[in-house]
Every structure is written in structure tokens, then in C-alpha cells.
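Notes for the one structure printed next.
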Amino acid sequence: MNIIYVKNNEEMALKAASIIAAQVTLKNDCVLGLATGGTPVGTYANLIKWCKEGHISFKNVRSVNLDEYCNLPVTHPESYRCFMNTNLFDHVDIDKANTNVPDGLAADSEKAAKDYDALIDSLGVDLQLLGIGYNGHIGFNEPDSAFTMGTHVVELTQSTLEANARFFDNDVSKVPTHAITMGMRNIMSAKRILLIGGAEKAEIIEKAFFGPVTPEVPASILQLHKDVTVVCVKA
Ligand code: PGA
């Protein structure tokens, strides 16, 4: 595990974007696992800038996103499909047909989850970007008594609903209660993992990477991955 401490969010975004840009440069048809939330926005802004300047290209890149809210139309500005379009895909030369976000609207969510598992397995993720929740979740794998392996529908915890209310007019009742998320096997099967976190995540990052491996702190499973880089702001 490689932990890189940085001074502030700008440095975190620069470092994380550099790691992703290097991946895209070394393998132009790589598969990126992508994340949403407040944390990666600055990272994506750097990638957009470097793509517009002609330093990197996403022309042959394929992507799989970690998760999506259930029962939120994809046209809703807070859907993760919409987030990805607005914060990255609309501004770089990626072919949107090569970008994938789990289907939060599927009538048969079990089938949607199985299909997403098969997609991830067939693509093979080269680099998975992750944020981390205050409760240690990655994707929407919430603290539990066991790790869930494949893509699945999850009920969001109160801590996550409250953390995400800021995207829904600060009204916790507007946050979707369920989401479809990659599971731990999906995340752990990525060749490389890059987890980023601001100063507000310092405590949970310490717990996840220096505490016991337990499903009660889902990100702690990353201690068992052979190629993890953490870029975090020193609190
Ligand atoms: P945040 O969320 O980047 O909005 O803090 C991260 C996460 O919950 O995984």
C-alpha cells in the first residue's frame, strides 16, 4: 500500500489526476473504474483540462462506474449518470457508448446486478478510483456483518443519507434510500486501486488502512489488495 499525504484538496486532485492520466497514457484503451461524489470533482477537472490541451485522450478508454441511485431518473442532475456526464464525459473525447453506470431503474434489479458483474469481468478494470464515506463505505458498500461480493442493491445508512443530503437541497428525505453498487469482489478485482480523501476523511482513512480488516469498516478490505494507492490530505 502506498499512502501519499498532500497539503490540500488542490494537491490531492492534481496527484490523483496525474495517476489516472499516466494510466491512460500508458494504455490508451484502458478500463477505468470511476467514482462520483464531491471528492473526485477536482480530479476530473484536471483531466478535462489536460484533455482539452491535448496532453491526454480518452478516445479508446472504457469506463465502469461504481454505483447509481435506485429509482432516480438518469436525467435527474444528481443521478450518477448525469454527474459523470456533467463532471467528465461531456468535456473529454470519450465515446459515451464506452461508459457504463449501473442501472438504478431496472425492473429486475437482480438481473441488472448480474449483468453488471458480467460486464466488469469481461472488461477487466485497470484502475479503480474510489472515494470513501464517513462510515468507511466504498461505492455504496455500507458497514455490515459480512462483505458483499458482487453488484447488489443496498439500503443506504442514515450516515450516508445525511452526508448526501447536501446534494438534495439539504433535505435528507429527498435522498434516494437505495442504490445499486459494485460489490467487494468487483472492486478488489481491479488491477490497481486509487482511493482519495480530503482532510475530513482522515479519521476514517486511518481506521480503514491501519485498523482491523472488518466488514464494519468496508474500505478496510483494501488492505488485502496488492496495488493500492491512497492520496489523502493530512489533517
Ligand atoms: P464524497 O463521498 O466524495 O461526496 O465525500 C465519497 C463517498 O461517499 O464515497
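Atoms within a ligand are numbered from 1 in the order they appear, just like the ligands themselves.
Of all the atoms in ligand 1, the ones that sit under 4.0 Å from a non-hydrogen atom of Gly37 are 3 (O), 4 (O). Residue-ligand proximity, Gly38 to ligand 1, at heavy-atom distances under 4.0 Å covers atoms 1 (P), 3 (O), 4 (O). Annotation for ligand 1: atoms under 4.0 Å from non-hydrogen atoms of Gly131 are 9 (O).
Without hydrogens or angle criteria, Asn87 side chain to Val41 main chain gives no donor-acceptor distance under 3.5 Å.
Selection from Asn135, Thr39, Leu66 by nearest heavy atom to atom 3 (O) of ligand 1 gives Thr39.
In terms of protein heavy atoms, atom 7 (C) of ligand 1 is closest to His137 NE2, 3.4 Å. At the top of the distance list for atom 5 (O) of ligand 1, counting protein heavy atoms only, stands Lys201 NZ, 2.6 Å.
Residues passing the side-chain hydrogen bond (donor to acceptor under 3.5 Å, both in side chains) test with Glu162 are Gln158, sequence neighbours excluded.
The backbone of Ile132, and not its side chain, has at least one atom closer than 4.0 Å to an atom of ligand 1 (non-hydrogen atoms only; backbone = N, CA, C, O). Counting heavy atoms under 4.0 Å from ligand 1, residue Arg166 touches it through the side chain alone.
Under the 4.5 Å side-chain heavy-atom criterion for grouping Ile, Leu, Val, Met, Phe, Trp and Tyr, Leu129 is not connected to Val64 through any hydrophobic cluster.
At least one test fails for Lys96 against the ring of Phe89: distance under 6.0 Å to the centre or angle within 45° of the axis.
Contact check on Lys15 versus Glu11 returns no salt bridge, with no Lys/Arg side-chain nitrogen under 4.0 Å from an Asp/Glu carboxylate oxygen. With respect to Lys114 and Asp108, no salt bridge is recorded, no charged nitrogen being found less than 4.0 Å from a carboxylate O.
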